[in-house]
Amino acid sequence: MELPCEDCGGTVISGPEPFAPGDDPEPEADGRSKAWSDWCTNLECSSNHVLSGLTRVGVNDYVCTVCGTSLRTPMSAVLAHRATH
């Protein structure tokens, strides 16, 4: 389902986000874990520039603003890359 972005009015899409062991996904009733993420499709939106050194370019995708590397969640891997700079 598409919703308007609270920050800019652009289109927000949602999707499942992978997680890694040690990440903190929300447990479901049957014991499985899930992570759900929203992303504004307006690349200029402030919500895509919240994490220093990273630009969010998709539900599961980021670009490092220091070296230009394309990164994909789980978030622990994205943050580990950012820590290398």
If we only count heavy atoms from C-beta on, is the [X] to [Y] side-chain gap below 4.5 Å?
{"X": "Val78", "Y": "Arg82", "value": "no"}
{"X": "Tyr62", "Y": "Leu51", "value": "yes"}
{"X": "Thr41", "Y": "Ile13", "value": "yes"}

Here the pair of heavy atoms bringing Leu54 nearest to Cys64 is CD2-CA, 4.1 Å
Closest heavy-atom pair, Ser47 versus Cys40, reported as atoms and distance to 0.1 Å, is OG-CB, 3.7 Å
Check whether any side-chain N or O of [X] sits under 3.5 Å from a backbone N or O of [Y] as a donor-acceptor pair, and report yes or no.
{"X": "Asn42", "Y": "Val12", "value": "no"}
{"X": "Asn48", "Y": "Val57", "value": "no"}
{"X": "Ser70", "Y": "Val63", "value": "no"}
{"X": "His49", "Y": "Arg56", "value": "no"}

d(Leu71 CG, Leu79 CG) to nearest 0.5 Å is 9.5 Å
Applying ring-ring contact (aromatic ring centres under 6.0 Å, His included) to His85 and not counting sequence neighbours gives His81
In short, salt bridge (charged side-chain N to carboxylate O under 4.0 Å, His left out) pairs touching residues 39-55 with sequence neighbours left out are none
